[in-house]
Structure formats: C-alpha cells, structure tokens
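Structure first, commentary second.
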There are 2 protein chains.
Amino acid sequence: MATERKAVGPCAMWPEDSAFIREVLDRIGDKWTVLVLSTLGERTLRYSDLMASIPGVSQRMLTVTLKALERDGLVERRAYAEVPPRVEYRVTPLGRSLQQAVLQLSQWAVENHATVAANRALHERIGVGRAGSRAETSASVG
Amino acid sequence: MATERKAVGPCAMWPEDSAFIREVLDRIGDKWTVLVLSTLGERTLRYSDLMASIPGVSQRMLTVTLKALERDGLVERRAYAEVPPRVEYRVTPLGRSLQQAVLQLSQWAVENHATVAANRALHERIGVGRAGSRAETSASVG
DNA sequence: CAGGATCCACATAGATACTG
DNA sequence: CAGTATCTATGTGGATCCTG
C-alpha cells in the first residue's frame with residue numbers, strides 16, 4: 001500500500017461502511033424526508049401545519065414520511081385525545097443530529113450548485129464526445 | 001434563536017435553499033453515485049476496475065452514473081485512443097468537496113445506525129399505536 | 001383534524017444482447 | 001475494453017375517496 005495507490009479495493013473513503021451510508025441515503029434520499037425535517041426544525045408543528053408549510057406534498061406522502069421518521073426515532077409524534085384531534089410532531093435529539101449532518105450537504109449545495117450548473121451547461125454546448133489528438137478529456141469548471 | 005419562534009414559515013434550518021439540497025439529494029440519492037465516488041476516492045481507475053470494485057452494478061448503471069458525474073464536473077473522464085481502448089476516471093476537486101460533505105452523513109450513519117435499528121425494532125414490537133391516558137407518544141431510544 | 005386505503009402513472013434499475 | 005440499445009420489472013410518488 002505504500003508505493004502506488006492501485007489495489008482496486010472496495011473503497012478509499014470508508015472500508016465497509018458503504019452499506020450504512022446507503023441506508024441513510026435510502027432514508028433521506030426520498031422526496032420529502034429532508035423537507036419535513038427542515039420544516040420542523042426545532043419547532044413543534046401539527047399535521048395540518050406541515051401540510052400547509054410544505055408545498056406540493058400530498059396527505060399520503062406526508063403521512064408515510066412522518067411514520068417512517070417516527071419509526072426510526074427521528075421524529076416524535078404526540079397525539080392528544082381531544083375533539084377535534086390534535087397531533088403534534090417534533091424532531092427528536094437523534095433527528096436533530098441528522099439535521100446537522102444534512103446541513104453539511106446543504107452548505108455544499110449552496111456553495112457549488114452554480115458550478116454544477118455551469119458544468120452541465122458546458123457539456124450540453126460541447127457535446128459529450130469531442131476527440132482531441134491522443135487523449136480526450138471533457139472540460140469542466142471548478 | 002433568542003426568544004421563541006412559531007410562524008410556521010417554510011423552513012427553520014434554511015430559508016429557501018431547500019431546492020438546492022433537493023437537487024443534491026436527487027443526484028447522490030440514487031443507488032450508485034455515492035458508491036462510485038467512494039470507490040474512486042483519490043485514485044484513478046478504469047471502467048473495468050470500477051465494474052470489478054463495485055459489486056452488483058450493471059454496465060448500464062455504471063455508465064449512466066459515470067456520465068452524470070462527468071456532466072456535473074464531479075468526475076473526470078479521460079479516454080486514450082489506444083487499442084484496446086482505455087478509459088480512466090478520477091474525481092475532480094469539485095467532486096472531492098462533495099465527498100467531504102457526504103462524509104459527514106457517513107459518520108452520522110456509522111454512529112447512529114444501531115440506534116435507528118433499535119428504534120425500528122421497538123416500533124415493531126410495540127406496534128405503532130398504543131393509547132395511553134391522555135396523550136400518546138411512542139417510545140424511542142436516542 | 002388527521003389520517004387510512006386504493007388505484008394509477010412514471011421514473012429508475014436490472015438483465016440481456018450487441019458494437020466501435 | 002468500454003461502452004450502447006432495448007426491454008422489462010419494481011418501487012416511489014401522486015390523486016382520490018373514505019373514516020375515527
């Protein structure tokens with residue numbers, strides 16, 4: 001391992017934790033989980049509040065997302081036996097730690113989305129495969 | 001952060017950057033992007049190396065993922081006009097910054113996957129809806 | 001008010017076969 | 001070797017209707 005970096009092992013960043021990160025991405029990679037988490041923030045909101053605060057979400061998707069979050073202990077659901085019913089949701093400490101982790105990604109997004117967009121535009125203009133003399137490489141900004 | 005805030009606005013963590021984070025999650029939330037990124041690490045690998053290093057990936061999925069990564073300037077593709085053909089891939093500086101951001105999530109995954117699994121098991125054992133006296137709340141470890 | 005149930009549409013992924 | 005093309009399967013999300 002000392003000389004050159006070949007070896008073609010499974011990973012360079014993590015040894016075998018790839019499965020864990022896949023699980024997390026499967027959980028938060030869906031359309032609404034992060035949005036619900038961020039909308040909740042540190043507040044306590046009702047189901048109808050979330051519906052109103054998250055544009056485009058359907059009842060089904062909000063319910064599904066909340067149940068998944070609750071199941072994993074990321075969000076706490078508190079139902080009051082009143083009439084009309086009242087159900088409040090808030091992010092648990094565990095969920096808040098996830099919010100923090102996601103925040104890194106969010107910061108990357110804010111900082112680099114313009115660059116990504118520029119690269120995408122470049123590739124559309126150039127076309128993906130222009131041959132050069134011997135080795136062909138696509139241009140990119142960044 | 002000083003007093004209290006309700007207001008039920010769009011977000012508590014980010015004001016209107018939710019769209020950016022959604023875009024990033026759409027990009028890396030798929031099945032192979034992060035795996036390719038992590039497999040590449042800081043190395044330069046050929047297509048066949050990646051195929052061999054990423055268990056379960058199909059040619060199509062690897063190609064699709066690599067083209068998307070290249071398009072966004074996260075991975076650089078270098079093709080040599082030789083016979084037999086040789087194509088090498090490496091993560092760009094921009095891509096490496098994304099790797100760093102993803103690493104936060106990876107660390108969260110490693111640290112908390114057991115807790116999440118425990119919560120999940122709890123909910124299966126308890127069942128999701130046991131009513132208490134007045135307010136019903138699900139148990140969770142965290 | 002806060003969901004549960006059902007049906008449907010679409011995007012994504014996988015298998016397979018073929019090619020420059 | 002390094003892809004492309006095509007087809008199919010499955011999961012994910014959305015709309016709608018119904019209920020405690």
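So that the names make sense, note that chain A is the first sequence line, chain B the second, and so on, each numbered from 1. No hydrogens, no waters, no symmetry mates; every other heavy atom, side chains included, goes into these values.
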Is the closest side-chain heavy-atom distance between B:Trp108 and A:Leu94 below 4.5 Å?
yes

Quick one: does A:Asp72's side chain get under 4.5 Å of B:Thr115's, heavy atoms only?
no

Could you state the atom-to-atom distance from CG of A:Leu25 to P of D:dG11 in whole Å?
19 Å

Do any side-chain nitrogens or oxygens of A:Lys67 fall under 4.0 Å of OP1 or OP2 in C:dG3?
no

For the CG atom of A:Leu40 and the CD1 atom of A:Ile54, what is their distance to the nearest 0.5 Å?
7.0 Å

Sequence neighbours excluded, which residues qualify as salt bridge (Lys or Arg N to Asp or Glu O under 4.0 Å) partners of B:Arg77?
A:Glu136

With heavy-atom distances below 4.5 Å as the criterion, would you say the side chains of B:Val110 and A:Ile21 are in contact?
no

Parallel, tilted or perpendicular: which one describes the rings of B:Tyr47 and B:Tyr89, with boundaries at 30° and 60°?
tilted

Return the value, rounded to whole Å, for the distance between atom CE of A:Met61 and atom P of C:dA2.
19 Å

Roughly how many Å is it from CG in A:Leu69 to P in C:dG3, rounded to a whole number?
13 Å

Bend angle of the helix from C:dC1-D:dG20 to C:dG20-D:dC1, from helix axes over five pairs at each end, nearest 10°:
50°

Out of C:dA13, D:dG3, D:dA2, which nucleotide sits closest to the side chain of B:Arg46?
D:dA2

Under the criterion side chain to side chain contact (heavy atoms under 4.5 Å, CB included), which of A:Thr65, A:Val57, A:Val87, A:Thr39 is the partner of A:Leu50?
A:Thr39

Would you say C:dG3 has OP1 or OP2 under 4.0 Å from some side-chain N or O of A:Thr63?
no

Any donor-acceptor pair under 3.5 Å linking the side-chain atoms of B:Asp30 with those of B:Thr33?
yes

Rounded to the Å, how far apart are A:Asp26 CG and C:dT12 C1'?
13 Å

Rounded to the Å, how far apart are A:Leu62 CG and D:dG14 C1'?
13 Å

Which part of the nucleic acid, if any, lies within contact of B:Arg60, taking any heavy atom under 4.0 Å across all strands shown: a base, the sugar-phosphate backbone alone, or nothing?
base

Under 4.0 Å between a side-chain N or O of A:Trp32 and OP1 or OP2 of D:dG14?
yes

Would you indicate which nucleotide in C:dG3, C:dA13, D:dG3 comes nearest to any side-chain atom of B:Lys31?
C:dA13

Using whole Å, report how far CG of A:Leu66 lies from P of C:dA2.
11 Å

Separation of C:dA11 atom P from B:Arg27 atom CZ, nearest Å, is 15 Å

State which of D:dG20, D:dG3, D:dA2 makes the closest approach to the side chain of B:Gln59.
D:dG3

Integer-rounded Å distance: C:dA2 C1' and A:Asp49 CG:
12 Å

Check every atom of D:dG13, D:dA2, C:dG4 against the side chain of A:Asp30 and return the nucleotide holding the closest atom.
D:dG13

Using the closest heavy atom to pick a nucleotide of DNA chain D for each, name whichever of A:Val57 or A:Pro85 lands nearer the 5' end.
A:Val57

B:Val87 or A:Ser58, whichever maps to the more 5' nucleotide of DNA chain D:
B:Val87

Check whether any side-chain N or O of A:Tyr89 sits under 4.0 Å from OP1 or OP2 of C:dC1, and answer yes or no.
no

